[in-house]
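Remember, it's a predicted structure, so these values are computed and weren't measured experimentally. Numbers for residues simply follow the sequence, beginning at 1.
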Amino acid sequence: MKKYISLFLCLTCILTLVACGKKAAPIQLPQTSDITSVDVTVGENTTNHSDTTWISEIISDISSSEPTSKQSVQDFPQTESYIKIDFQFETGTSTIFAYEENGKHYIEQPYQGIYKIDSQLYERLQETN
């Protein structure tokens with residue numbers, strides 16, 4: 001009997017560790033001072049934002065996103081509808097995506113992680129067009 005209880009406890013511990021999973025590292029965003037503009041694309045419409053106040057607010061809101069245990073393994077999210085956010089620099093671009101899935105809202109940084117955001121940030125990004 002002790003053998004079965006020990007086996008059960010061992011399996012329970014292993015399943016608990018596997019189910020918890022590893023969360024993504026905190027999101028890595030560029031410094032506001034390095035960004036020249038932000039392009040927000042919803043569907044076929046793109047809006048360019050160069051106002052430093054707007055950029056600072058968006059960076060601040062995205063920085064408060066919560067890491068999830070979901071992994072980002074492709075260049076684009078695995079969902080049909082998403083918002084593309086391009087941070088423009090003098091020497092290049094950095095892209096992240098926002099999308100809704102099962103009533104929750106996420107930011108995905110390709111190959112880095114998927115982060116949960118609040119619905120207000122998602123709606124704000126949608127309304128920029």
Side-chain angles (χ1 to χ4, degrees):
M1 185 68 162
K2 286 184 180 182
K3 187 177 176 181
Y4 291 115
I5 291 173
S6 297
L7 181 61
F8 175 75
L9 290 175
C10 184
L11 287 174
T12 302
C13 289
I14 291 171
L15 288 174
T16 302
L17 289 173
V18 170
C20 291
K22 180 182 171 187
K23 289 194 174 194
I27 193 164
Q28 298 295 315
L29 296 171
Q31 296 294 320
T32 305
S33 59
D34 295 337
I35 301 171
T36 56
S37 67
V38 177
D39 291 337
V40 179
T41 304
V42 180
E44 306 248 340
N45 302 318
T46 301
T47 302
N48 179 278
H49 298 275
S50 56
D51 177 39
T52 55
T53 303
W54 188 91
I55 293 171
S56 295
E57 290 172 359
I58 289 297
I59 291 290
S60 176
D61 290 346
I62 294 172
S63 294
S64 65
S65 61
E66 292 179 38
T68 68
S69 57
K70 297 180 179 189
Q71 292 185 338
S72 175
V73 294
Q74 293 185 351
D75 292 333
F76 297 92
Q78 295 178 328
T79 184
E80 287 184 27
S81 177
Y82 54 80
I83 299 169
K84 183 179 178 186
I85 305 155
D86 291 315
F87 298 106
Q88 304 291 336
F89 310 103
E90 299 225 0
T91 58
T93 303
S94 176
T95 302
I96 61 174
F97 301 92
Y99 59 92
E100 181 179 4
E101 184 175 78
N102 300 325
K104 296 180 182 174
H105 300 91
Y106 299 96
I107 288 281
E108 182 166 342
Q109 193 170 35
Y111 303 103
Q112 300 299 314
I114 299 175
Y115 307 87
K116 188 175 178 188
I117 59 171
D118 63 24
S119 59
Q120 292 150 339
L121 172 58
Y122 183 78
E123 290 168 9
R124 185 173 181 192
L125 291 168
Q126 272 191 319
E127 292 171 357
T128 59
N129 285 309

Using modelled atom types and a 3.5 Å cut-off, is there a donor and acceptor pairing between side-chain atoms of [X] and backbone atoms of [Y]?
| X | Y | result |
| --- | --- | --- |
| Thr32 | Ser56 | no |
| Thr36 | Glu90 | no |
| Gln109 | Gln28 | yes |
| Tyr115 | Ala25 | yes |

Contact check, side chains of [X] and [Y], non-hydrogen atoms, under 4.5 Å:
| X | Y | value |
| --- | --- | --- |
| Ile117 | Asp61 | no |
| Ile59 | Ile35 | yes |
| Leu121 | His105 | no |
| Ile55 | Phe87 | no |

Nearest 0.5 Å, please: how far is CG in Leu29 from CG in Asp34?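 Reported value, rounded in 0.5 Å steps: 12.0 Å.
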
Distance check, rounded to the nearest 0.5 Å: Gln78 atom CD versus Lys70 atom NZ?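 Atom-to-atom, Gln78:CD and Lys70:NZ are 10.5 Å apart.
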
Going through the checks in order, is the side chain to side chain contact (heavy atoms under 4.5 Å, CB included) test met by Asp75 and Tyr111? CA-CA 7 Å; Asp75 292 333; Tyr111 303 103; 2.9 Å; yes

Tyr106: which residues meet the ring-ring contact (aromatic ring centres under 6.0 Å, His included) condition with it, sequence neighbours left out?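 Checked Tyr106 against ring-ring contact (aromatic ring centres under 6.0 Å, His included); matches are Tyr99.
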
Residues that Phe76 engages under ring-ring contact (aromatic ring centres under 6.0 Å, His included), provided they are two or more places apart: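 By the ring-ring contact (aromatic ring centres under 6.0 Å, His included) rule, Phe76 matches Phe97.
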
Just one of Ile83, Asn48, Asn45 clears the side chain to side chain contact (heavy atoms under 4.5 Å, CB included) bar with Val40, so which one?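 Of the listed options, the one satisfying the test is Ile83.
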
Would you mind telling me which of Leu125, Ile58, Asp39, Thr41 makes a side chain to side chain contact (heavy atoms under 4.5 Å, CB included) with Ile85?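 Running side chain to side chain contact (heavy atoms under 4.5 Å, CB included) over Leu125, Ile58, Asp39, Thr41 with Ile85 returns exactly one hit, Leu125.
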
Side-chain donor-acceptor pair present, Glu108, Ser72, cut-off under 3.5 Å: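 Yes, Ser72 and Glu108 have a side-chain donor paired with an acceptor closer than 3.5 Å.
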
